[in-house]
Every structure is written in structure tokens, then in C-alpha cells.
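Since the structure comes first, as C-alpha cells, the remarks are kept for the end.
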Amino acid sequence: MPVKQFIPKVGTIIAFLFLYPPITPPTFAQSSSTEADTVSIQVDFSLEKGEMKPIWAWWGYDEPNYTYMKDGKKLLSEIAALSPVPVYVRAHSLLVTDEGPRAALKWGSSNAYTEDENGNPVYDWTIIDKIFDTYIERGMKPMAQIGFMPKALSTQPEPYRHYWKPGAEYDEIYTGWAYPPKDYEKWAELVFQWVKHSVDRYGKKEVESWYWELWNEPNIGYWRGTTEEYIKLYDYTADAVKRALPTARMGGPETTGPGWDEAAEFLTTFLDHIISGKNHVTGEIGAPLDFITFHAKGNPKLVDGVVQMDMGKQLRDIDRGFEIVASYPSLKDLPIIIGESDPEGCAACSEEDYPHNAYRNGTMYSSYTAASFARKYDLADHHGVNLLGAVTWGFEFEDQPWFAGFRDMATNGVDKPVLNVFRMFGMMQGKRVEVSSHPSSDAGNNLTASTANELAYDFEDVRDVSVRGENPDINALAAVDDHTATVMVWNYHDDYLDAPASSVAVNMKGIPVSQALLHHYRIDQENSNAYEVWKEMGSPQNPSEEQIAELEKAGQLTLLSSPEWVKTEDGEAVIQMNLPRRGVSLLKLSW
């Protein structure tokens, strides 16, 4: 069986751990491994598992006004360009009233609704149009979040504007915009007018392709009303949306992770109402629901001065949410959108003030993203639910220090390594196929999938115990269509510690041609990594034009080696590589 060997651009070096006050991601290059240590990944392109749905093609952020700013437009253009399908975008605060500067951390506003001196509604769609136009111009689509409460409608309007900064108490953000309306009829008319205006501006067919939803995380401080008041607001909102456009898609409730019992209770109470509750508007039983939303977050911590991720926490949120939806026979087939799906919960909380966020600039974030998205597919298969999308809550922050440690896709217009994982996903189309992973050595073959020290973690292992054992999670996600076959391979561990590279052999079966052109893309310390280049420059906060150009180039997805033709034997071939810890490779065969 032919074997293609790919050698990294740099030689073997010894990796070492160093601290970056109070933590820094370690740096290391690829190192050699013995044949006995080789991890064997088996891919069979003839064994299909299901659709390779673009569940990754969804983004969101707190600050809607960044959308039409310089770096926001640039990043949205890049996100749109990496996806073969329209990308959906979800943003908070689209109905918030202006109070001081329009945009700031965890704040945004549109002034869409005010009232005159006689209490009559005044609608102004200028800013919302500016936001949505930016999406539509790029072939993107809004996941239109209906919220938060305009000041003129809030039952507790003062204080309305918050001035939160990293390091402050998070609860400081929950001000007058988080309260129920003092007039549900006026709220419903605002929603009706917004949807009607959208149809007039963009056309019925376009708006039919959007997703409309109510609020964000109503089971915590984002909603200062009761569960029943949220349900009442949902009834009024859904009725208004459907009156304006009967074919519009309406959903909710965007609760926090259902792994938390109180969030699960809120979600089930909401779904019970959808099926059998008395509608607050019509008086009939039930309410319209076209898709279901909830959130899922990990929980990184510092352990002995080292960042330790917790992918298991995020997957348990997803698992519980899927379990709840699957328990409703009449709702089980509805699309599910994980409205925020991230390693932790606060994109605007910087690394400086929250040192457990030191994973964000480098390859920990990119390898986590590869490994976690693969398990989202597995969990949806396991529960038999219809996972439509998983929103990455990470965009960009205007006029902030370079690589400040926010959870974002780019810094000052320069892409971070994590964005390149999504560029890889954009090349994976068709059907997902069977993948298995195990060590090649005789001793290694005696390992089972039942322990945390297993070299190959399946989705249940990662869900239950995360990736905390002696060995990393080295595994793959693979897909095939009529003219391409793709395999994404990652080397991930929850602990942000130094480790040597691993020898990996990707054994592929079911390739339908005698030869195919191989492109091998890589994200690691040496490739597709503007952060490492920036550090090598001396971490400048005022880089020159030449340095910015170099950083922009380093932020793009790069090939590990030149494209090569791979010959197959009975539809089989082997690709062998050294894969660094936290590295991600994409093997793309085309014919």
C-alpha cells in the first residue's frame, strides 16, 4: 500500500513550557516519534454516517455596531468567503435605545424604538438596516434576535446604560434593557413593524430564509422577569412575527446550558407551553415554534498555574439539551441551533483580567474547536435530533490592543489561528464517513475506550471526563462528495502543557479513483498562526505597515507542503505525518 510521508518545514526541536503572566501558551515544534507510538486513524469513505451539515457556519457577538465598522466589515467578508453556504449571524442588543456612545464592550444600540411626548411610537430602522445590509451584501443572513427592551417600554428604565469593563462584576451589565415591557401590545407592534419593514426592504423570499428568535439567556440576568413573563413575551412576539410574515421562522428560548438543572427546567417549561400551554394572545393551546435554541459552554480553569480546558462541560450541556428535545415526540425533528457554543462564557472578558482565558490567541482554541465540533455531530447522531447550527460567539473588538486575549476571530484585522479551522470546515462537504482511531503498537492495541487514559477518545469519553488522561485526543472527522474526500485530524488535550509531536498514520479506504491530488493544510506553531509571528516580532502594539502585512499573511490558512498526487491501491492509501500537540491538519483529496 503506498505511503506518502510529509515532513514539517522545520526540524525536530525540544519543546518547553514557559509562563506568560500569569500564564502563557507554551511553544514547541514537531518532534519525531517511534513507529510503536504511531496513532493509526482509519477512514472509510464508503461508510457514510450522515450529512456533513455546515453546523459551523454560524457566528454571533454582543456588540452589533461593530458589524459596520472597518475591522468588522473585513472579518465578515472573510467569514462569508470561507463558507460555501450562507453564514448566519446573531447579534445582541438590536432594539436597545441609545445612551451615550453607541458601541462598547457588551453594549450596542440602534434607537429603533422611542416615543414622542404623547407616548406614541417612533420607529427608526436606520441602524438595524445598516447592520443587516452589511450581512446581506456579503451573502450572509441574520439570525435576527428580537431584543433587548427599548427604554421607553421598560418597566424599570433606570439605570439603562451600563459601562462594564473587563474585571468588573458581570452582573453590572443587567440594567433597564433586561426588563419586561410595560405594554405588551406596544412591544408586539414594534416586532410586527420590524418584520414588515424587513420584508419591504429585502423581499419576502429573503426574509423567509432568516431565523427570528426572542431574547438571550432568559433564565439568568439577561431577563429580569419571571419564566411565565418570558413565555408571555414569546407568545406576543411569535404572534407579531407570524402576522407580519406567516412563513417566517420563529424560535427560542436561548437558555444557558441545559447541563445546569435550572436551565433545563426553564427549557422544558418553555417546550411544555409550546405543546400544551394556553397562548397569552390567542387563548388557544400552544404557540408557534420552528426551531429550538439553547447554549453550551465549557469551563476552563487554572490548575497549578496551567490553563486546563473543559470540553466535557460543553458537551454535557449539548447532550442534555439534545436529550430534552428528543423527549418530545412532536418536537424531536425540529431544527436545533446551539445559539452560543464556546469554550467558556464571556468573549469580552480579556486574558489580562481572566488568566484562564490564555487559550484564545494560539492553537489551543483552534484544536479545541476542531475536536469539539466533531463531537457535536456525534451527539446529534446519538440522540437522533436535527442539529442545524452551532453559533461560535466570537467576532472582533474594535480599537483594542493587539492580541488582548478576547475570544475573537481576529485582532485589529489580523486573523487568529482559530479562524483557519473554519476555513478547513468550509472545504468539508458531502457525507460524513466512519472514522476510528487507535495506537499501532501491540501494547497500545490492548487499550479500551473505557478509560480517560485511552489514546483515542470517543464522544462519550470526552463528554463524560473531557480530555484529562495521560494521552491526548488524536482523532479525525472525515467527509466525501463526488469529487473530493477530506479528513480533519487534531491533536488535543485539555491541559495547556508542552508535549512532543505525535506520529499519525491516516489509513484511508473507499477512495473511488486510482489517483487523487492531495492538499495538506496545517495549523500549528509554524503554520497558519499570526500570533506566533507577532510574538517573534517582539509583540508590537504599534506594528508598522510592513509588519501588519506580514501578520495578515501569517493569519491565512497555509499548506504544509506542495500539493502532490497520491496513487491508491484498491481504493486505499496512507498519509503519514508528525502532528504537534494542538495541531490541526486537513487532508483534501480531489479528482
Side-chain angles (χ1 to χ4, degrees), residues 50 53 55-56 58 60 90 213-223 227 230-231 234 251-276 289 291-301 309-346 368-369 371-393 449-450 452 457-468 473 494:
K53 292 182 181 179
I55 64 170
W56 47 267
W58 301 71
R90 176 178 184 254
E213 57 158 7
L214 175 64
W215 225 256
N216 177 71
E217 298 182 339
N219 59 303
I220 61 172
Y222 279 92
W223 176 247
T227 302
Y230 173 82
I231 288 173
Y234 182 88
E254 289 289 2
T255 53
T256 59
W260 178 30
D261 287 344
E262 291 182 17
E265 181 180 1
F266 193 107
L267 178 59
T268 55
T269 301
F270 173 79
L271 296 178
D272 288 344
H273 173 76
I274 293 298
I275 293 174
S276 57
L289 183 70
F291 60 96
I292 300 169
T293 59
F294 58 83
H295 296 176
K297 305 284 187 175
N299 187 32
K301 296 179 179 178
M309 308 299 285
D310 192 353
M311 191 182 296
K313 162 67 169 60
Q314 184 183 5
L315 297 186
R316 288 191 292 276
D317 277 345
I318 296 171
D319 185 65
R320 181 71 177 117
F322 287 173
E323 181 182 44
I324 289 171
V325 174
S327 70
Y328 290 85
S330 62
L331 304 178
K332 181 179 180 180
D333 294 330
L334 286 182
I336 296 172
I337 301 171
I338 307 172
E340 297 179 21
S341 189
D342 306 291
E344 38 68 40
C346 179
Y368 181 106
T369 299
S372 62
F373 265 88
R375 276 49 189 258
K376 295 169 192 177
Y377 288 106
D378 290 334
L379 285 167
D381 291 344
H382 177 69
H383 288 284
V385 295
N386 179 14
L387 176 59
L388 179 66
V391 177
T392 293
W393 203 257
S450 62
Y457 296 75
D458 64 21
F459 77 92
E460 292 172 307
D461 294 326
V462 183
R463 177 196 64 192
D464 295 342
V465 297
S466 204
V467 184
R468 301 285 175 80
D473 172 34
D494 270 3

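Excluded from the calculations below are hydrogen atoms, water molecules and symmetry mates; all remaining heavy atoms, backbone and side chain alike, are included. Note that the coordinates shown come from a computational prediction; the quantities given were computed from them, not determined experimentally.
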Side-chain donor or acceptor of Ser341 paired with backbone N/O of Ile338 under 3.5 Å: no

Short side-chain to backbone donor-acceptor contact, Ser327 and Ile324, under 3.5 Å: yes

Separation between CG (Asp317) and CG (Leu379), nearest 0.5 Å, reads 11.0 Å

Just by modelled atom types, is the Gly389 backbone N or O under 3.5 Å from a matching donor or acceptor in the Lys53 side chain? no

Between Tyr230 and Leu214, is there a donor-acceptor pair closer than 3.5 Å when you use the side chain of the first and the backbone of the second? yes

Strictly below 4.0 Å, N to O, side chains only: are Arg90 and Glu213 in salt-bridge contact? yes

Using a 4.5 Å cut-off on heavy atoms from C-beta on, say whether the side chain of Phe291 contacts that of Ile336. no

Under 3.5 Å, is there a donor-acceptor pair linking the side chains of Tyr328 and Asp272? yes

Got Glu344 and Met309 here, is their nearest side-chain heavy-atom distance under 4.5 Å? no

Using a 3.5 Å distance criterion without hydrogens, assess whether the side chain of Asp461 forms a donor-acceptor pair with backbone atoms of Asp458. yes

Would you check if Phe294 and Ile337 make a side-chain contact, meaning some heavy-atom pair closer than 4.5 Å? no

To the nearest 0.5 Å, tell me how far Asp473 CG sits from Met311 CE. 7.0 Å

Keeping the roles fixed (side chain from Asp342, backbone from Gly345), state whether a donor-acceptor pair exists under 3.5 Å. no

Is there a side-chain contact between Ile220 and Trp260, using heavy atoms and a 4.5 Å cut-off? yes

Is there a side-chain contact between Trp56 and Thr369 in this structure, where contact means two heavy atoms from C-beta onward sitting under 4.5 Å apart? no

List the steps and the verdict of side chain to side chain donor-acceptor pair (under 3.5 Å) for His295 and Glu254. CA-CA 6 Å; His295 296 176; Glu254 289 289 2; 2.5 Å; yes

Counting distance only, does the side-chain N/O of Asn219 pair as donor-acceptor with the main-chain N or O of Thr255 below 3.5 Å? no

Salt bridge present between Asp319 and Lys376 (N-O < 4.0 angstrom): no

Whether the side chain of Glu265 engages the backbone of Leu267 through a donor-acceptor N/O pair (distance < 3.5 Å, no angle test) should be reported. no

Just by distance, do the side chain of Arg463 and the backbone of Gly312 share a donor-acceptor pair under 3.5 Å? no

Residue of the set Arg375, Gln314, Arg468 for which side chain to side chain contact (heavy atoms under 4.5 Å, CB included) holds with Val462: Arg375

Please say which of Leu334, Thr268, Asp333, Ile292 ends up in a side chain to side chain contact (heavy atoms under 4.5 Å, CB included) with Val325. Ile292

